[in-house]
Amino acid sequence: FKLTTVEEFEAATNRLLETGAKVGADAWQLRVKNQTPHCKFGEQGVCCRICSMGPCRITPKAPRGICGCDVHGIVARNYLKFTAGGSATHSDHGREICHTLYCSSPDGAYKVKDPEKLMKIAKEWGVETEGKDIYDLAHEVAVLGLEEYGKVFGTQRFLKRAPKHTQEIWEREEIAPRAIDREVSCSLHMTHMGCSSLPEALIRQSLRSGLSDGWGGSMAGTEFSDVLFGTPKPIDTEANLGVMEVENVNIVVHGHDPSLSEMICEYADDPEMIAYAKSKGAKGITVSGVCCTSNEVAMRRGIPMAGNFLQQENVVLTGACEAIVVDVQCIFPALGPLSKCFHTKFITTSPIAQMPDSEFIRFNAETAAENAKAIVKAAIDNFENRKPDLVYIPDMKQKATVGYSLEAIVKTLDGVTNSQVDELGTTKPLIECITSGVIRGAVAMVGCNNPKIRPDSAHIELMKKLIANDVIIVASGCSAQAAAKAGLMDKQAKDLCGAGLKRVCELADIPPVLHMGSCVDISRMMNLVAELAKDSGLNISQLPVVGCAPEWMSEKAVSIGNYVVATGIDTYLGVDPYVSGSDKVAELLTSGIRDWVEAAYTVEKDIDKLGDAMMARIEEKRAALGI
Ligand code: NFS
Ligand code: SF4
């Protein structure tokens with residue numbers, strides 16, 4: 001067993017960029033050069049353009065904007081706006097899923113695949129389930145879910161899942177999120193010209209808006225996706241560009257919302273469509289994925305993962321992609337012009353993400369089946385337009401076992417239960433492994449790629465270091481895909497672990513890096529730590545558990561960081577969230593907020609040091625518990 005190295009990833013990319021050069025294609029590698037060096041004011045977060053008296057930028061000679069706002073107010077305001085963007089984005093995805101659930105019917109495109117989970121949520125939310133038709137119940141719960149976005153009174157329903165201590169902190173600090181949309185609106189209100197410029201107030205709202213994402217919109221996205229498409233269970237798949245097949249029609253799904261990708265997978269698997277593909281000279285149809293929508297369909301269907309964020313252009317550069325079908329978020333507008341250099345169809349589907357040089361096939365939950373069929377057919381029809389001399393698919397892929405939802409983790413870990421722990425169906429076996437020291441702790445590896453860091457290198461190096469030191473990893477988003485591409489989700493990767501973690505991997509038959517899903521599925525991680533805290537009797541902040549986003553880039557990632565920290569989990573970033581311009585804001589985020597929520601951020605660009613800092617924190621937490 002051998003991991004695929006970042007050098008090998010790069011060699012494959014370079015080969016693809018040669019194809020790109022032949023057809024005159026642009027690429028992010030080139031655009032980064034044009035954009036470097038970046039604007040220093042922007043990087044430090046000290047530029048304000050929220051009113052037309054500006055833009056104002058703070059320098060030693062000009063310490064205040066025209067309105068008199070100081071650098072701390074500007075940096076903190078920018079930070080809150082960034083958060084609100086991310087929170088809105090995840091939460092609107094969750095809203096779409098609630099709407100899809102509302103559209104479910106026994107004979108329609110969307111069905112309830114996990115009625116048990118629906119019943120569980122219904123009971124949790126106090127909905128009468130007795131004698132109710134499952135679809136009536138689905139519609140009722142979907143409406144309640146939608147109401148969480150605009151509820152007039154009270155806070156998010158899912159907060160009740162957190163341990164009591166955490167809920168008390170949220171109440172005490174006035175960061176328990178109210179209606180999801182309200183937290184976004186309130187953030188934009190606070191950041192309007194002439195509202196808040198007090199860093200403490202702005203950072204507090206950043207935490208609240210983040211929490212409305214993680215324990216609100218994202219959690220709805222995850223939970224109701226499970227109800228509709230099934231709660232993930234361990235399943236084998238493959239990752240990296242080599243999953244595309246040269247003789248087949250290649251459809252790549254990209255984006256985030258499984259309402260689209262699930263339907264594409266469904267119809268690409270339809271015998272009628274496969275026969276049609278054959279009639280066009282292909283051997284079959286291969287669907288693979290990019291970014292989080294790939295994680296969604298990999299977790300539930302074993303659909304292979306072609307790559308993560310900074311590999312999206314590579315998919316087209318293979319010359320073998322008939323259609324790249326996207327919904328929302330993290331889609332490079334570059335895919336439009338790039339696709340034009342090849343035969344590839346760039347199909348946008350959502351009014352939320354419309355781009356030049358794309359073919360827009362509007363996708364609606366109400367007409368999902370016919371939309372999906374039209375998209376699959378368009379891809380098949382495009383097969384004959386392929387230019388064979390431009391086709392090159394790097395022969396590079398790794399096996400991966402994915403699908404570790406909280407439910408699946410609990411079930412799997414029952415396998416490591418020893419005689420002292422006989423409570424099945426809880427997180428107690430994991431707690432036992434941690435307290436005995438067989439596993440030192442856990443790290444949640446999440447987030448994106450960012451050209452500021454050699455793509456995937458931080459994810460992979462940190463994971464290798466952590467598992468070698470008996471730290472188990474749960475991963476999501478593009479971090480999970482980096483792991484899968486490298487081979488860290490192959491069960492054989494146990495050989496790279498310390499003796500303790502290796503034994504756990506063998507007993508439970510798991511890889512050392514557990515794929516928990518997409519970025520909205522970081523809500524699964526919140527449920528996991530909540531269960532760990534309840535089952536151990538500890539506070540979340542006492543658990544030897546940290547979060548890490550070493551290569552993050554998006555507003556969503558900052559929203560996530562805020563809810564992870566606000567849940568009591570120390571969070572480690574490899575890229576600065578544009579706050580270096582204000583020592584006050586940086587101090588708040590890296591230390592001051594610990595007084596509020598028992599956790600804080602660490603920002604460290606040296607990735608090796610970032611890893612050391614995480615392990616030191618885990619050991620510190622262990623020492624405090626006397627384990
Ligand atoms: Ni998360 Fe998923 Fe990837 Fe980053 Fe984008 S795909 S929602 S934001 S880039 S991890
Ligand atoms: Fe300048 Fe103040 Fe307007 Fe910002 S709000 S652009 S600092 S005048």
Side-chain angles (χ1 to χ4, degrees), residues 25-28 31 81-82 84-100 103 109 149 181 184 188 217 221 251-265 267 287 289-294 296-297 306 308-317 321-379 381-382 448 478 518-520 553-557 559:
D26 193 13
W28 65 259
R31 296 190 298 272
K81 266 186 185 291
F82 213 87
S87 176
T89 304
H90 274 145
S91 297
D92 211 36
H93 165 161
R95 180 188 344 248
E96 287 293 324
I97 299 292
C98 291
H99 178 249
T100 305
C103 295
Y149 286 81
D181 290 346
V184 173
L188 294 182
I251 302 177
V252 177
V253 289
H254 176 11
H256 286 79
D257 184 341
S259 307
L260 170 73
S261 48
E262 278 284 330
M263 286 302 121
I264 301 292
C265 293
Y267 285 96
V287 181
V290 173
C291 284
C292 280
T293 217
S294 172
E296 299 274 357
V297 288
N308 50 357
F309 183 61
L310 283 182
Q311 210 163 325
Q312 57 184 289
E313 290 172 296
N314 291 14
V315 166
V316 178
L317 287 167
C321 173
E322 273 57 57
I324 181 158
V325 186
V326 306
D327 47 76
V328 290
Q329 305 166 26
C330 302
I331 302 147
F332 272 9
L335 292 177
L338 177 62
S339 294
K340 291 219 128 106
C341 298
F342 292 87
H343 75 303
T344 306
K345 274 184 186 290
F346 175 43
I347 302 177
T348 48
T349 61
S350 167
I352 303 276
Q354 304 182 52
M355 295 187 201
D357 297 314
S358 71
E359 190 174 320
F360 187 57
I361 302 183
R362 188 165 180 165
F363 186 88
N364 285 314
E366 291 84 352
T367 51
E370 68 189 79
N371 303 149
K373 259 193 218 170
I375 291 167
V376 173
K377 186 168 176 296
D381 286 334
N382 199 22
C448 330
C478 290
S518 63
C519 289
V520 293
M553 63 85 205
S554 75
E555 293 174 315
K556 291 180 285 176
S559 179

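In this chain, residues are counted from 1 in sequence order.
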Looking only at atom types and distance, does a side-chain atom of Asn371 sit under 3.5 Å from a main-chain N or O of Asn364, one as donor and one as acceptor? yes
Note to self: Strictly distance-based, threshold 3.5 Å: is any side-chain N or O of Asn382 a donor or acceptor partner for the main-chain N or O of Ala323?
What the structure shows: no
Here the gap from Met263 atom CE to Thr100 atom OG1, rounded to the nearest 0.5 Å, amounts to 9.0 Å
Subject >> Pairwise side-chain contact, Glu96 with Asp327, heavy-atom cut-off 4.5 Å (strictly under) >> reply: no
Rounded to the nearest 0.5 angstrom, the CZ-OG distance for Phe82 and Ser554 is 7.5 Å
Q. Any donor-acceptor pair under 3.5 Å linking the side chain of Glu313 with the backbone of Leu338?
A. no
Please indicate whether Lys81 has more than 12 foreign heavy atoms, meaning atoms of other residues, nucleotides or ligands, lying under 6.0 Å from its NZ.
yes
Here the pair of heavy atoms bringing Phe346 nearest to Met355 is CZ-SD, 3.8 Å
### Query
Is there a side-chain contact between Ser518 and Thr293, using heavy atoms and a 4.5 Å cut-off?
no
- prompt: Mind checking whether Glu262 and Val297 have side chains closer than 4.5 Å, heavy atoms only?
  reply: yes
field: Min side-chain heavy-atom separation Thr367-Arg362 under 4.5 Å
entry: no
- Message: Any heavy-atom pair between the side chains of Leu310 and Phe332 that's under 4.5 Å?
- Response: yes
Note: Val316 and Ser339 closest approach over all heavy atoms is CG1-CA, 4.0 Å
So CZ of Phe363 and CD1 of Ile264: to nearest 0.5 Å the spacing works out to 6.5 Å
Given the options Cys292, Cys330, Cys448, Lys556 meets side-chain contact (heavy atoms from CB on, under 4.5 Å) only with Cys330
On a heavy-atom basis, the closest approach of Arg31 and Ala334 is NH2-CB, 3.5 Å
Of Thr344, Leu335, Val252, the one forming a side-chain contact (heavy atoms from CB on, under 4.5 Å) with Val315 is Val252
Tightest non-hydrogen contact, residues Ala368 and Ala109, listed as CB-CB, 4.1 Å
Is the backbone N or O of Ser91 less than 3.5 Å from a side-chain atom of Tyr149, with the two atoms forming a donor-acceptor pair by type? yes
Do Asn308 and Ser294 touch side chain to side chain, with heavy atoms closer than 4.5 Å?
no
Fill in: N/O donor-acceptor pair under 3.5 Å between Thr349 side chain and Val326 backbone
yes
ask   = Is there a donor-acceptor contact under 3.5 Å linking the side chains of His93 and Gln329?
value = no
side-chain contact (heavy atoms from CB on, under 4.5 Å) with Val325: of Thr348, Leu260, Val376, only one passes, and it is Leu260
In this structure, NE2 of His256 is separated from OG of Ser261 (nearest 0.5 Å) by 10.5 Å
d(Glu366 CD, His99 NE2) to nearest 0.5 Å is 4.5 Å
Next item on the list: Indicate yes or no: at least one non-hydrogen side-chain atom of Lys345 is less than 4.5 angstrom from one of Glu322.
Entry: no
To the nearest 0.5 Å, atom SG of Cys478 lies from atom CD of Gln312 at 8.5 Å
